Protein chains: 2
Amino acid sequence: MKIDIASFNEALNNSKTVILACSCTVRYSGRAESFLDEGDRIIIAKSDGTLLVHQPTGSTPVNYMKNASHQLTLQDGKLTLSSRSLADKEYLDIAISKVHYYNFSELADSQSIQLVGSERDMSDMIYSNPSLIAPDFRPLSREEHTKYGFIDVFGYDKNNTLVIIECKRYVADLKAVDQLMRYIKKIKQLKGLKQVRGIIASPKISPNALQMLLDHKLEWKKVSPPKYMERYDNDQKKLGEY
Amino acid sequence: MKIDIASFNEALNNSKTVILACSCTVRYSGRAESFLDEGDRIIIAKSDGTLLVHQPTGSTPVNYMKNASHQLTLQDGKLTLSSRSLADKEYLDIAISKVHYYNFSELADSQSIQLVGSERDMSDMIYSNPSLIAPDFRPLSREEHTKYGFIDVFGYDKNNTLVIIECKRYVADLKAVDQLMRYIKKIKQLKGLKQVRGIIASPKISPNALQMLLDHKLEWKKVSPPKYMERYDNDQKKLGEY
DNA sequence: GGGGAGAGATGCCGC
DNA sequence: GCGGCATTTCTCCCC
């Protein structure tokens with residue numbers, strides 16, 4: 001397929017979203033260096049300077065650029081799409097041997113995604129329902145970004161011992177234990193406390209992480225992140241059943 | 001633009017890569033729940049069951065599916081692209097109000113990317129050039145996946161003290177120190193050693209991470225990941241200058 | 001802009 | 001399959 005270089009570049013420079021399917025090689029230089037030999041790819045160029053190179057399989061782009069400007073050139077019969085981010089010192093060059101098809105249009109989207117079920121939702125839930133941790137647990141605050149560190153929830157147990165809770169939305173791993181231990185060490189140091197309880201709240205925990213927790217006399221409490229929309233949908237279904 | 005539902009579904013079911021630009025809403029339910037209100041998006045459906053929903057800005061897909069099967073349906077005048085991954089219990093529905101354009105074709109790509117400058121390349125470099133760490137450093141092995149943990153490089157210094165090196169390709173942070181400390185603790189325990197040196201090798205380190213390192217009598221050595229291709233290019237340029 | 005941490009993280013490798 | 005970990009991580013939030 002023939003490509004109209006002038007109109008293609010005009011689209012790139014006029015806030016259009018450009019799609020190009022082609023056979024090409026890709027060379028990248030920036031934070032690392034990469035080369036991708038000849039093959040068919042889908043290329044997306046967005047108005048914000050994003051450029052994505054997708055192979056026919058896989059969910060992540062094989063190459064990409066951010067905050068870059070792109071230009072299509074034809075020199076000595078070689079068609080090249082170049083992307084440059086001078087600020088980040090990143091360079092990407094696509095040598096195109098065959099254009100399968102391309103398209104572009106002005107796209108408008110002012111919406112942002114609403115998502116439920118994050119770790120933040122989990123700590124909110126625990127704060128509102130402290131009995132999920134223990135019957136006598138009293139959450140004190142949810143100061144994520146304070147001088148004490150970015151702690152998900154902390155409070156006191158029935159013996160007035162300070163409790164630090166680290167939430168994980170899926171499997172808690174060794175890194176989660178590292179994190180909890182680091183927070184506990186810092187809090188002990190800052191508040192001059194001898195004893196602080198540490199709890200990981202997650203639906204699952206890896207065996208090694210659990211072992212490490214127990215080795216350091218820390219605790220695990222099984223808690224799952226909330227999914228309000230799902231509950232809403234289920235409620236709606238139930239209503240419909242009547 | 002009108003869409004040919006039968007041929008669209010045939011493309012989805014016959015290993016084609018499908019591109020669709022449209023105005024739509026997106027609902028997802030699976031590991032979490034999400035909703036995205038009306039706006040223009042680019043949708044990519046790959047032959048391996050990947051589905052990506054891209055907004056006109058941003059480098060990451062706003063929604064996505066993996067290992068799913070997709071189907072376009074028209075019911076009561078409502079055009080819907082549904083993606084299902086029964087194995088993962090994930091569901092994504094795109095309600096399409098307007099089709100801007102679409103395209104599909106059989107894409108062939110047997111290449112995989114060659115990348116230089118990773119953490120692995122860095123540990124290889126240190127293993128080959130131990131003087132990057134210290135004049136008398138003797139690397140012993142690069143057993144990344146052993147019972148001792150996934151240690152990048154370890155060896156002995158001039159006093160025959162065991163040295164563990166953790167490489168980071170960019171800024172070493174608190175998590176990197178956590179990791180190094182965990183490895184050291186484990187090695188001390190397994191080998192019954194009293195003293196083990198721990199070194200983070202990275203081009204940069206965050207102030208707090210450096211503080212934490214020094215607090216625990218660990219060390220930082222400034223090392224940058226190699227970029228062979230860049231060097232090759234520079235050599236070529238230099239050659240051209242003569 | 002840098003630091004810290006989550007993510008529907010993803011992808012890779014090893015067991 | 002799970003576990004551990006890097007990633008051109010990306011993204012958000014706060015200082």
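The model shown is predicted, which means the values in this text are computed figures rather than measured ones. Chain A is the first sequence line, chain B the second, and so forth, proteins listed ahead of strands; every chain is numbered from 1.
- Look at the C1' atom in both D/dT7 and C/dG6: the space between them is 15 Å, to the nearest Å.
- Taking side-chain N and O atoms only, B/R182 has a distance below 4.0 Å to OP1 or OP2 of D/dC5.
- Considering only side-chain N and O atoms, B/K168 lies under 4.0 angstrom from the phosphate OP1 or OP2 of D/dA6.
- One C1' atom belongs to C/dA7, the other to C/dG11, and the distance between them is 14 Å to the nearest Å.
- One side chain, B/N63 or B/S34, offers a donor N or O that lies under 3.5 Å from an acceptor on the other.
- A side-chain N or O of B/D93 and one of B/S82 form a donor-acceptor pair less than 3.5 Å apart.
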For this session: Go through A/M181 and B/M181 one step at a time and tell me if the side-chain contact (heavy atoms from CB on, under 4.5 Å) criterion holds.
Result: CA-CA 11 Å; A/M181 285 175 62; B/M181 285 175 62; over 6 Å; no
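- Between the side chains of B/T50 and B/D48, at least one donor N or O sits under 3.5 Å from an acceptor N or O.
- Counting heavy atoms from C-beta on, the side chains of A/E33 and B/L115 never come closer than 4.5 Å.
- Atom C1' of nucleotide D/dC10 and atom CG of B/D173 are separated by 15 Å, given to the nearest angstrom.
- The closest donor-acceptor contact from the side chain of A/E90 to the backbone of A/R31 lies under 3.5 Å.
- B/I113 has its CD1 atom 8 Å from the P atom of D/dT8, to the nearest Å.
- Listed for the B/K227 side chain is a donor-acceptor partner under 3.5 Å among the backbone atoms of A/G30.
- Using a 4.0 Å cut-off, some side-chain N or O of A/Y64 falls inside it from OP1 or OP2 of D/dC10.
- Stacking between A/Y28 and D/dT8 is shown: the ring centroid lies under 5.5 Å from the centre of the six-membered base ring, and the planes differ by under 30°.
- DNA chain D is contacted by A/S206, A/P207, A/N208 of residues 203-221 of chain A, taking any non-hydrogen atom closer than 4.0 Å.
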Seminar exercise, completed: For DNA chain C, the expected dot-bracket line (Watson-Crick or G-U under 3.5 Å, [ ] crossing, | inter-strand) is |||||||.|||||||
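- Among the protein residues, B/Y91 comes within range of no part of the nucleic acid, since none of its heavy atoms lies under 4.0 Å from any strand.
- Taking the P atoms as reference points, D/dG4 lies 22 Å from D/dT8, given to the whole Å.
- Distance B/R169 CZ to D/dC5 C1': 15 Å, rounded to the nearest Å.
- Judged by atom type and distance alone, A/N63 reaches the base of D/dT8 through a side-chain donor-acceptor pair under 3.5 Å.
- Going from atom CG of A/L115 over to atom C1' of D/dC12 covers 13 Å, rounded to whole Å.
- Remark: B/R120 is not in phosphate contact with D/dC5, judged by side-chain N or O atoms under 4.0 Å from OP1 or OP2.
- Rounded to whole Å, atom C1' of D/dG3 lies 10 Å from atom NZ of A/K175.
- When rounded to the nearest whole Å, the span between CD of A/E119 and P of D/dC13 equals 14 Å.
- Residue-level contact check: A/E90 touches the bases, meaning some heavy atom is under 4.0 Å from a base atom.
- Between B/Q179 and D/dG4 there is no side-chain polar atom (N or O) within less than 4.0 angstrom of OP1 or OP2.
- Side-chain atoms of A/S97 and A/E38 include a donor-acceptor pair closer than 3.5 Å.
- From the 5' end on, the contacts that DNA chain C makes with chain B at under 4.0 Å to a non-hydrogen atom open and close at C/dG3 to C/dC15.
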